[in-house]
Protein chains: 2
Amino acid sequence: MIKEKYITYLQENGYKCTPQRTVLLSYFCQHKNKLISVNTMMNYLKKDNRHISLDTIYRNLSLFVAIGLLKSTTLNGKRLFSLKNNLDHQHMFICTECRTTKPLNFCPMGIVQSSLNDCSIKSHKFEVYGLCPSCSWCK
Amino acid sequence: MIKEKYITYLQENGYKCTPQRTVLLSYFCQHKNKLISVNTMMNYLKKDNRHISLDTIYRNLSLFVAIGLLKSTTLNGKRLFSLKNNLDHQHMFICTECRTTKPLNFCPMGIVQSSLNDCSIKSHKFEVYGLCPSCSWCK
DNA sequence: TTTGGTGCAAAATATTTGCATCGTG
DNA sequence: CACGATGCAAATATTTTGCACCAAA
């Protein structure tokens with residue numbers, strides 16, 4: 001999916017297309033398979049001489065997660081966001097060094113579902129952590 | 001495992017057995033299969049008229065996780081801790097309402113490992129979220 | 001023109017750290 | 001009695017909120 005699709009998706013769901021949202025989504029599109037923290041985002045904006053207030057970033061990233069454009073995870077107590085590659089969910093390998101991700105193409109839910117018949121399942125998380133090939137070399 | 005075993009484990013690994021650590025571990029032992037936040041812990045201590053400083057709680061819970069007595073996860077941006085039932089790892093179902101957990105007895109790593117041959121895998125997380133039977137009723 | 005979005009400032013929440021003191025082993 | 005552990009206070013980090021103003025549709 002390219003930036004325009006995300007913008008369209010926003011509008012189709014009743015949200016306005018603002019310059020701030022465009023900048024944020026562009027950044028994610030230029031960093032597919034990367035986990036981005038609010039801090040990383042701020043630093044990029046500073047370097048690029050743009051300015052979006054911190055609270056606007058928080059509000060929008062939360063919105064993007066809520067409507068399914070981004071997914072989020074937590075590493076060392078910090079929330080990290082990344083672009084959702086497609087509409088259905090996908091698990092990932094996460095390099096804890098450079099925060100690159102790699103899709104796993106396997107979901108364990110089918111296997112455990114039967115053992116949770118009495119529970120109402122809402123969501124799940126499966127993530128593998130380690131070092132990607134290039135970060136392995138440097139260590 | 002009962003409290004004494006955890007205490008022994010602490011000492012065997014060169015950590016002192018202090019009243020604070022005893023209180024903390026007791027609480028976790030009395031709340032097996034529950035996810036406990038630092039906040040929950042503080043509230044319990046207040047009610048029980050004990051006092052452990054916040055930083056001591058943080059320091060010790062982090063220590064317990066580091067040496068494998070507890071495991072931790074994140075829910076709504078808050079770190080939650082729970083007793084590790086046994087030495088080897090175990091995935092869980094988490095009731096997002098009452099924070100009760102239920103072991104899953106299945107680990108998906110065997111299945112995905114081969115697709116990550118070029119990565120150095122350090123750890124992984126697999127958690128299922130939803131409502132436990134009793135919380136389903138109340139909703 | 002209307003309603004949702006943004007920036008600012010401030011607050012709320014969460015976590016960490018330095019240092020003097022205490023107490024376990 | 002030595003050294004690790006604790007408490008306190010303060011710093012740091014993270015996230016949220018109220019409100020006036022702005023701008024996309």
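Per chain, numbering begins at 1; letters A, B, ... match sequence-line order.
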So, does [X] get its side chain near the phosphate of [N], meaning an N or O under 4.0 Å from OP1 or OP2?
X        : N       : value
Gln20(B) : dG23(C) : no
Ser53(B) : dC8(D)  : no
Asn76(A) : dT15(C) : no

(message) Under a plain distance cut-off of 3.5 Å, with no hydrogens placed, do Arg59(A) and Ser53(A) share a side-chain donor-acceptor pair?
(response)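 The answer is no; no qualifying pair exists.
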(message) Suppose the criterion is side chain to side chain donor-acceptor pair (under 3.5 Å): which pairs have a residue in residues 102-113 of chain A, not counting sequence neighbours?
(response)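 Output for this query lists Gln90(A)-Asn105(A), Lys102(A)-Asp118(B).
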Given atom [atom1] of [X] and atom [atom2] of [N], what is their separation to the nearest angstrom?
X        : N       : atom1 : atom2 : result
Asn60(B) : dT6(D)  : CG    : C1'   : 9 Å
Leu45(A) : dT6(C)  : CG    : P     : 13 Å
Leu10(B) : dA5(D)  : CG    : C1'   : 12 Å
Arg21(B) : dG4(D)  : CZ    : C1'   : 8 Å
His51(A) : dT6(C)  : NE2   : P     : 12 Å
Met42(B) : dT6(D)  : CE    : P     : 14 Å
Ile7(B)  : dG25(C) : CD1   : C1'   : 15 Å

(request) Ignoring hydrogens and angles, tell me if any N or O in the side chain of Arg21(B) forms a donor-acceptor pair with the backbone of Asn60(B) under 3.5 Å. (result) no
For [X], which residues count as a side-chain hydrogen bond (donor to acceptor under 3.5 Å, both in side chains) partner, sequence neighbours excluded?
X        : result
Asp48(B) : Arg50(B)
Lys71(B) : none
Asn39(B) : none

(message) I need the full list of ring pair (Phe, Tyr, Trp, His ring centres under 6.0 Å) pairs touching residues 91-114 of chain A, with sequence neighbours left out, sorted by first then second residue.
(response) His89(A)-His91(A), His91(A)-His124(A), His91(A)-Phe126(A)
(request) Determine, for nucleotides 19-25 of chain D in 5'-to-3' order, which nucleotides have protein heavy atoms under 4.0 Å from the base (write B), from only the sugar-phosphate (write S), or from neither (write -). (result) -----BS
Test side chain to side chain contact (heavy atoms under 4.5 Å, CB included) applied to [X] - qualifying residues, sequence neighbours left out:
X         : answer
Leu54(A)  : Val38(A), Met42(A), Tyr58(A)
Gln30(A)  : Ser26(A)
Thr40(A)  : Tyr27(A), Ile36(A), Ser37(A), Arg99(A)
Ser115(A) : Val112(A)

(request) Note down the inter-axis angle between the two ends of the helix from dT1(C)-dA25(D) to dG25(C)-dC1(D), five pairs each, to the nearest 10°. (result) 50°
Quick one: which protein N/O atoms are closer than 3.5 Å to N/O atoms of nucleotides 10-16 of chain D? Pair and distance per line, please.
residue, atom, partner, partner atom, Å
dT15(D), OP2, Tyr58(A), OH, 2.6

